Trainee: 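This structure is in structure tokens; I'll ask about it shortly.
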Amino acid sequence: MTDSYKTAAVPRAYGRGMTPRLDAISIITSDLAASLAFYRRLGLDIPEGAESAPHVEVTLPGGQRLLWDTEEVIASFDPEWQRPAGGGERVALAFVCDSPEEVDSLYTELVDAGYTGHLKPWDAVWGQRYAVVLDPDGCGVSLFASGSPAEK
């Protein structure tokens, strides 16, 4: 017997035949060049020279897009927008790594490059090697992989 409530069809919103699909994740940045440099270190293929644009987009391998906008761009169409205060995050992203060792080495590489480590790599109770680094705008970026690092 199955739990039917877990697989019940979701009713269409307002009778529409369309279903919204996640297409893009947007980062609002105070320093576009610094943000792009950080995400390049995570392996994203961001074109050189993109730092001079107020808006940048890259298409990720799964087809979704990652977007960057400067604070000035956001304020240009939303005059009441304000920078998050009190450490509020603008977005949080998670990057899967091929191995627990890659989590450790990438965390170390980013911290050694001057980025802020938020949570050092650890073996999470949910079965992943996990760490969090902050991007230049203070957004948490999780690094994770299945399993624990190999015993040395």
Side-chain angles (χ1 to χ4, degrees), residues 10-149:
V10 177
R12 292 185 177 154
Y14 304 105
R16 295 180 303 174
M18 301 184 318
T19 301
R21 297 175 320 276
L22 178 64
D23 176 67
I25 299 165
S26 180
I27 298 171
I28 300 170
T29 181
S30 60
D31 185 338
L32 184 62
S35 188
L36 296 180
F38 176 85
Y39 288 99
R40 281 186 182 115
R41 285 186 173 269
L42 286 170
L44 295 185
D45 187 19
I46 302 167
E48 290 300 322
E51 298 79 3
S52 63
H55 172 85
V56 177
E57 297 185 16
V58 295
T59 301
L60 304 174
Q64 287 156 332
R65 296 175 302 134
L66 185 57
L67 320 174
W68 289 264
D69 286 296
T70 63
E71 292 176 345
E72 294 78 17
V73 166
I74 300 303
S76 74
F77 63 81
D78 182 358
E80 296 187 28
W81 181 85
Q82 295 181 12
R83 176 184 292 165
E89 291 194 18
R90 299 159 190 250
V91 71
L93 302 174
F95 284 75
V96 63
C97 297
D98 290 332
S99 68
E101 293 80 10
E102 185 180 16
V103 171
D104 293 357
S105 65
L106 185 54
Y107 177 90
T108 299
E109 175 189 325
L110 291 167
V111 170
D112 287 351
Y115 299 103
T116 302
H118 182 67
L119 295 172
K120 292 181 180 180
W122 83 97
D123 296 328
V125 298
W126 54 86
Q128 293 176 330
R129 185 71 171 167
Y130 208 91
V132 179
V133 178
L134 301 181
D135 80 358
D137 291 294
C139 299
V141 177
S142 298
L143 310 172
F144 69 95
S146 294
S148 301

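What you see is a predicted model, and the numbers here were worked out from it, not measured in a lab. Numbering starts at 1 and runs along the sequence shown.
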Trainee: Walk me through it: do Val58 and Tyr39 pass the test side-chain contact (heavy atoms from CB on, under 4.5 Å)?
Mentor: CA-CA 11 Å; Val58 295; Tyr39 288 99; over 6 Å; no
Trainee: In Å, rounded to the nearest 0.5 Å, how long is the span from CG of Leu66 to CG of Leu44?
Mentor: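 So the gap between those two atoms works out to 6.0 Å.
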Trainee: Kindly write out the residues that satisfy salt bridge (charged side-chain N to carboxylate O under 4.0 Å, His left out) with Glu80, not counting sequence neighbours, or none if the list is empty.
Mentor: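 Once residues adjacent in sequence are excluded, Glu80 has no partner under the salt bridge (charged side-chain N to carboxylate O under 4.0 Å, His left out) criterion.
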Trainee: What residues, two or more places apart in sequence or in another chain, satisfy side chain to side chain donor-acceptor pair (under 3.5 Å) together with Tyr130?
Mentor: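 Side chain to side chain donor-acceptor pair (under 3.5 Å) list for Tyr130, sorted by chain: Ser142.
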Trainee: Assess whether side-chain contact (heavy atoms from CB on, under 4.5 Å) is satisfied between Leu110 and Leu42, documenting all intermediate values.
Mentor: CA-CA 9 Å; Leu110 291 167; Leu42 286 170; 3.9 Å; yes
Trainee: Closest approach of Glu48 and Glu51, non-hydrogen atoms and distance?
Mentor: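 Taking Glu48 first and Glu51 second, the nearest heavy atoms are C-OE1, 4.3 Å.
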Trainee: Looking at CG of Asp104 and CZ of Arg129, how far apart are the two atoms once the value is rounded to the nearest 0.5 Å?
Mentor: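 Reported value, rounded in 0.5 Å steps: 4.0 Å.
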Trainee: Provide the closest heavy-atom pair for Tyr115 versus Ala37 in the form atom of the first, atom of the second, distance.
Mentor: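 Reported closest heavy-atom pair: OH-C, 3.8 Å.
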Trainee: What residues, two or more places apart in sequence or in another chain, satisfy salt bridge (charged side-chain N to carboxylate O under 4.0 Å, His left out) together with Arg83?
Mentor: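 Per chain and number, Arg83 pairs via salt bridge (charged side-chain N to carboxylate O under 4.0 Å, His left out) with Glu71.
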Trainee: Taking all heavy atoms of Val103 and all of Phe144, pick out the closest pair and write down the distance.
Mentor: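 Scanning both residues, the minimum pair turns out to be CG2-C, 3.6 Å.
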Trainee: For Tyr107, is there any backbone N or O sitting under 3.5 Å from a side-chain donor or acceptor partner on Glu109?
Mentor: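 Not at all, since once roles are kept as given, no pair shorter than 3.5 Å links the two residues.
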Trainee: Looking at every heavy atom in both Ala50 and Leu32, which two are closest together, and how far apart are they?
Mentor: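 Scanning both residues completely, I find the closest heavy atoms to be O-CD2, 3.9 Å.
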Trainee: State, to 0.1 Å, how close Trp126 and Gln128 come at their nearest heavy-atom pair, and which atoms those are.
Mentor: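 So the two residues come closest at NE1-OE1, 2.7 Å.
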Trainee: Return the set of residues passing side chain to side chain donor-acceptor pair (under 3.5 Å) with Glu102 (not counting sequence neighbours), or none when no residue passes.
Mentor: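 With sequence neighbours excluded, Glu102 shows a side chain to side chain donor-acceptor pair (under 3.5 Å) to no residue whatsoever.
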Trainee: Applying side chain to side chain donor-acceptor pair (under 3.5 Å), name anything that partners Glu57, two or more places apart in sequence or on another chain.
Mentor: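 If we apply the side chain to side chain donor-acceptor pair (under 3.5 Å) test to Glu57, skipping adjacent residues, the hits are His55, Arg65.
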Trainee: Going from CD1 on Ile74 to CD on Gln82, what distance comes out if it is rounded to the nearest 0.5 angstrom?
Mentor: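 With rounding to 0.5 Å, CD1 (Ile74) is 14.0 Å from CD (Gln82).
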Trainee: Near Asp45 CG, under 6.0 Å, is it more than 12 heavy atoms from other residues, nucleotides or ligands?
Mentor: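 Not buried by this count: 12 neighbours or fewer within 6.0 Å.
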Trainee: If only atom types and distance count, is the side chain of Arg40 paired as donor or acceptor with the main-chain N or O of Ile46 below 3.5 Å?
Mentor: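 Between the backbone of Ile46 and the side chain of Arg40 there is a qualifying donor-acceptor contact (under 3.5 Å).
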Trainee: Could you go through the side-chain contact (heavy atoms from CB on, under 4.5 Å) check for Asp69 and Ser26 one step at a time?
Mentor: CA-CA 7 Å; Asp69 286 296; Ser26 180; 3.7 Å; yes
Trainee: Taking all heavy atoms of Ala145 and all of Cys97, pick out the closest pair and write down the distance.
Mentor: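 Scanning both residues, the minimum pair turns out to be CB-O, 3.5 Å.
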Trainee: Would you please name every residue forming a side chain to side chain donor-acceptor pair (under 3.5 Å) with His118, sequence neighbours left out?
Mentor: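 Once residues adjacent in sequence are excluded, His118 has no partner under the side chain to side chain donor-acceptor pair (under 3.5 Å) criterion.
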Trainee: To the nearest 0.5 Å, tell me how far Ile28 CD1 sits from Asp137 CG.
Mentor: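 Answer rounded to 0.5 Å: 9.5 Å.
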Trainee: Mark yes or no for whether Asp135, through its side chain, and Ser35, through its backbone, hold a donor-acceptor pair below 3.5 Å.
Mentor: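 It does not hold such a pair.
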Trainee: Roughly how far apart are Leu60 CG and Ile25 CD1, rounded to 0.5 Å?
Mentor: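 Those atoms lie 7.0 Å apart.
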Trainee: Enter the distance from Leu67:CG to Thr29:OG1 here, rounded to the nearest 0.5 Å.
Mentor: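 One gets 13.0 Å once the value is rounded to the nearest 0.5 Å.
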Trainee: Can you confirm whether more than 12 heavy atoms, excluding those of Asp98, are under 6.0 Å from its CG atom?
Mentor: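 Atom CG in Asp98 is not packed in, count stays at 12 or less.
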